[in-house]
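Encoded as structure tokens, the structure appears first; notes follow it.
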Amino acid sequence: MPPEPILQISGLTKRFGNLIAVNDVSVRLEPGTIVGLIGPNGAGKTTLFNAITGLHTPDAGRVLFKGTDITGMLSHKICKLGMSRTFQVVKAFSILTVEDTVRVGAYNRHGEKEIQAKVDEVIAFCELEDFRRQKCGDLSLALLRRVELARAVATEPELLLLDEAGAGLTGTELDGLMAILTRLNREKGVTLCVVEHVMKMVMGLCQRIVVLDAGEVIAEGTPAEISDNPKVIEAYLGKRAVR
Amino acid sequence: MKGKNWSALVVVVVMLTVALSGCVTPSAPAQPAAPKLPESIVIGSLEPLTGAHAVFGTEAKIGTEIAVDHINAAGGIKSLNGLKLKLVTEDAGENADSAKLGAESIISKHHPVAILGLYISRMTIAASEVTEREKVILVADALVDSVTTSGRQYLFRPAPKASQHGASAVQFVVDSAKKAGLDFTKVAILNEDSSFGRSNATGAMDAALNNGLTIVYQKEYPYDITDASSIVADIAAAKADFVVHCPYFTDAILFAKTFRETGNIPKFIVGMGASGYTDPESIQALGETAEYYANTFSYNPAKKTPQNEKFVADFKAKTGHIPTEAAGMNYYAAWVLKEALELSGQMFPTDPLNPDNLRQAFLKLDLTSGPAVETYPGDHIAFTPTGDNPDAKAVVLQVIKGEPRIVWPLEDAEVEAIFPRPDATR
Amino acid sequence: MNTKQRTIKMLPLLVGLVVALIVPLIVGKNQYNMVLVTTVLFYGVLATAWNIIGGMAGQLDLAAWAYLGLGAFTSGTLLLRWNVTPWLGMILGGLVAAGFAALVGYPLFRFGVKEVWYALSSAALVEVLRVAFLMWDEVGGPVERYLPFHRASWYHMRFASYVPYYYIVLGLLLIALFVNYRISRSKLGYYLLALGESEDAAEVIGVDARACKLKALMIYAFIVGATGAVYACLFGFIHPSFFNTAQSTEVAILGIIGGMGIVYGPLLAAIILVSGREFMRANLGSSLESLYLAIYAVVLIVIALFRPQGIAPLFRKAYDWLLSRVVGERYAA
Amino acid sequence: MENIIQNLLNGALMGCIYALIALGLSIVFGVMNVVNFAHGEFVMLSMYFTFAAGAYWVLDAVTTPLITFPLLFLFGWLTYYLLIDRTLRYRYVTQIAVTVGLAILLRAIAQMIWQAQPRALPYSMIQGNIQIGGINILTSRLIAAAVSVVAIFLVYLFLMKTWPGRAIRAASDDLDAASLAGVNYRQTYALSFGLGTALTALAGGLLMTFQQVDPTMGLRFGLLSWCVLALAGLGSVPGLLISGVIVGGAEALAMSVWDPRSRLLAVYLIFILVLWLRPRGLFGRK
């Protein structure tokens, strides 16, 4: 008997007009794991994230988070329940400083009294000490991704969805990020679900990988199983060949 | 963000100081010393020179300017040793707050004895709070009835009020129909939805009922209306004999065009309250469509008196067209003011410019001749304690061959009215 | 932060307050100058209140005079019908405006009307109210309703001079600034700034965007509504022309030019632009008619194009520089 | 009843012109995502140009677009390069501030040149009326509506069939992809903005056959065209026509059966309801 899943998606479907972006997707996430979600461009990964976190209302299917049905629930309520995310295209609060951005996340669970301590803790955890008083609008992309991670971590999620957190990062930056994510998983027990193109990160971090193509799950398994899966190879190479 | 927020308030302070120092004008002594007279008597023209009402304000200002020139050329205020008038002007903007600001500005800068203005009633009442407080005589050219009913002490209005206009318009049609042997019984009353439009319409409605007419259609519409065809169609459907209309300005053009275009021209269309059908600008904009339209007026440009002919000639030389109502009203208003100053000089030789003395002089005025009466619609100028002249009469102008001509009251008529409209379709 | 630093930072506030308090002593004799400074402060209140919904929450609200008009009509009608003092009318006017804001804001935010569409629908709201009040003859109608004329009456909030009005508006301004300041330091303020930048990003980290926007809109409407009651007394009448689209847009413009989300920014912009405008009106008005409008527009375009973050940062830099010169780098903010 | 049909018909004909005005806005907003709050002022400017051409060169209002169309195109094109291009990298708030500034500027200029009083041209050659049964159709409205419909159709063809038109549509779909495919976005944007502005010249000419112009007119047409656009939704040219007719009809109906003042109320209520209940508009694809 496997443990109660932290997130259970069943039959999730999302259409935009005639386009079916996500088609009948069912996925289970076990608590405390790191799961990778991969697939070619346009496979529906971001749409799936949006449907889970309440930015889109799914057309069919259900999302259960810790046993609660959160289908169509507003994002901020889902966040209160313990799930947060980052974005593929960084959505920074450019006029806020790094510290204040983290503060916005920290208000999720803390009142005015403890807030400063929490902010300090998260900033230290995400190694953003040097930048805390800088405005987000002035930061580099790599740092912005880190700040996005930090503000999500500040909400104290049990499940964190990361949408291409590694995109556009250099090797060193990537290593730093992976270290933080690993610590987040190990020390705080946060379940992670990462959408990623950077294979180094997927293979290095994830215990299990789900592959999406054209809105459907085409494979699921350990990194080793996935890299040998002919369907996955076809999905990737096939797409590339067309290009 | 900490703390820094407040730091820039220093700059606020600096700016405030700068802004204020820019405003401060050296203040002149508040009241002229009793026996010693100033070099000239300052009077103000406060009119809407910008914004939606600028068209009227500009005319009014020119009328006042010519009047002051004429008064000074005629020897100034004789009872005050021929003291000359000095005119100062100010823009009153287009709404009540700018009017109030304008009043404050002109009073604090120039300390005028009296102010002429502000054409738009809403602006006039707003500004009159200032003139009351500062005790400056306001000679109003705004026609809404309520201008004089809000208890102002220092406000006088020589011109006929709006309800007198409405009544005159109806009376003119009734007289003309009787003369032409026609039986006009059904009237449609239209007005734009300002207090001015409503005051006019109220006067017209009372007059219509007093004359035993049936009001078959009555509508209030916004002055910025862009399509009059539905109202015109409704008037046609109501089978009105004639239309009494208080338009603002744009809408008069629109309605005239629509009456013609739809082919639903009633037997007569008469405007009330001056603005609209017979203004030179409207006639120009409408071309031949303006023909036969009639309109009540607070001023009679055709009055055959030497003073009036002089004014019309000078005005025409300056602007190229005959004086509009706004110009005429201010011209005779300035002369009325001049007469009041003369009287004050006689009644209170020691302190003629004291506002309370000048007010007494206004209330004592009883004119039946002179330049003021020669340009006045009516032949008697005297004020009630509320500041109105009950003997003021609106005249009716009709566009005949592209020129506005006086057709009513019959004793003042320049030419005979063309009645009913020869192009009427029903 | 030590005491000395704190003193330096509070200094501008104190100096500003002192100057604001003694302004009537300097120009109080001249009623025109008094009404000018009152007008400047009045726009300052509106723009400062706007900062909550527009600057912080990033919702480009163009309906300031809708709430102002509601406040004016509430207070004015109460005074005319039941002789309720405008002092109470202020609060009730603010409440009516805030209630109306909730009525309108809830479905707008519920259905996700944002950005340009929010701006347009708020602009439309002003027009809707203007027409509705024109048609509503019992309360509005085309004829101005004059408040009882009194030379001076505290009960009726009518005074023979602008000095009391100046202090009332100054009081409102201080309240608006204080509310702004408190919000900017609170959870609500950080939430508003965050959702103003990106609603999605704020939502997923626990910000209830709808509720926050609604709160911001209601606080703004309350302040503006209360100001409307004073406005009615200042001008002595109520009329549907209070619902003015152009003036509402101007309030938003002051907020944008001042610097979105910066507490003192809109006030700065109001002080500079409104006094500049009135100065131009007074000096160019009657001779060059519309020139001042054109100049105003060009200034607006230039600032918006070349200082899109507003003028407040410039002033902060100038103040920092000044501080570093006067008291040395150490205490500079 | 006849009266209501009569009024609805008048409103529907007027609505075709509204659609033409909104078409310009739709191109600018739909393609470039530029929020133009000065669109109504462009209409006002067009009407003044028409007035000037009519008054000084004694042209009939309907023929003036021959001159004003290229003029307004040039004006829009220049406006793009001078102002709009710089606003693209900022948030929409800046765009609104800049275009509101432009609107105030145009209003002030119009006031300086033509004064505040309304201007109208003498009776146009297309004026008159046609009687069908009890229904009275105004020739000027009929021709104006017909020209509007034809113009909308031509613009539709231009967008669908010609290379510049396709470039505009491509840019509206995906700016990055269009840039890759060799579309110079600046030129395309300038072209769209010029076209969007120039279309108001046509509308201005038609409006001046039966209406007058004053400097404060822009606001009304601005909000009106945004309303038509909201109702239609982005990207549907025929949808604009239907929405224009709906708005025009609602206006006329409200005026005749309710109260002439309620015209604005009807328009704005439609606008607000659409925003609340169907933000995509009736025919929108986004």
What distance do C:E197 atom CD and A:S94 atom OG have between them, rounded to the nearest 0.5 Å? 4.0 Å
Looking at A:K188, I'd like to know if its NZ atom is crowded, meaning that more than 12 non-hydrogen atoms belonging to other residues, nucleotides or ligands lie closer than 6.0 Å. yes
Around atom CZ of A:R208, are there more than 12 heavy atoms of other residues, nucleotides or ligands at under 6.0 Å? yes
In terms of heavy-atom pairs under 4.5 Å with chain C, the winner among A:L74, A:T86, A:I78 is A:L74
Taking all non-hydrogen atoms of both residues into account, name the closest pair between C:G206 and A:N108 and its distance. CA-OD1, 3.7 Å
Minimum heavy-atom distance between A:F93 and C:A201, given as atom pair plus value: CE2-CB, 3.9 Å
Quick one: closest heavy-atom pair of C:V204 and A:S84, and the distance? O-OG, 2.9 Å
Where does A:A106 contact chain C at under 4.5 Å (heavy atoms): side chain, backbone, both or neither? neither
How long is the straight-line distance from CD of C:E199 back to OG of A:S75, given to the nearest 0.5 Å? 10.0 Å
Atom CG of A:L55 and atom CG of C:D200: how far apart are they, to the nearest 0.5 Å? 4.5 Å
Would you mind telling me which of A:L161, A:T155, A:V104 has the largest number of heavy-atom pairs within less than 4.5 Å of chain C? A:V104
With a sphere of 6.0 Å drawn around CZ of C:R182, does it hold more than 12 non-hydrogen atoms of other residues, nucleotides or ligands? no
d(C:Y190 OH, A:Y107 OH) to nearest 0.5 Å is 6.0 Å
Counting only heavy atoms from other residues, nucleotides and ligands, does the tally under 6.0 Å from OH of C:Y106 exceed 12? no
Distance-only donor-acceptor check, side chains C:S186 and A:E112, under 3.5 Å: no
For the candidates A:E148, A:R109, A:R85, which exhibits the highest count of non-hydrogen atom pairs separated by less than 4.5 Å from chain C? A:R85
Which heavy atom of C:V207 sits nearest to which heavy atom of A:H76, and what is that distance? O-CB, 3.2 Å
Working to the nearest 0.5 Å, report the span between NZ of A:K91 and CD1 of C:I205. 12.5 Å
A:K135 atom NZ, over 12 foreign heavy atoms within 6.0 Å: no
Atom CD1 in A:I115, atom NZ in C:K187: separation rounded to 0.5 Å? 8.0 Å
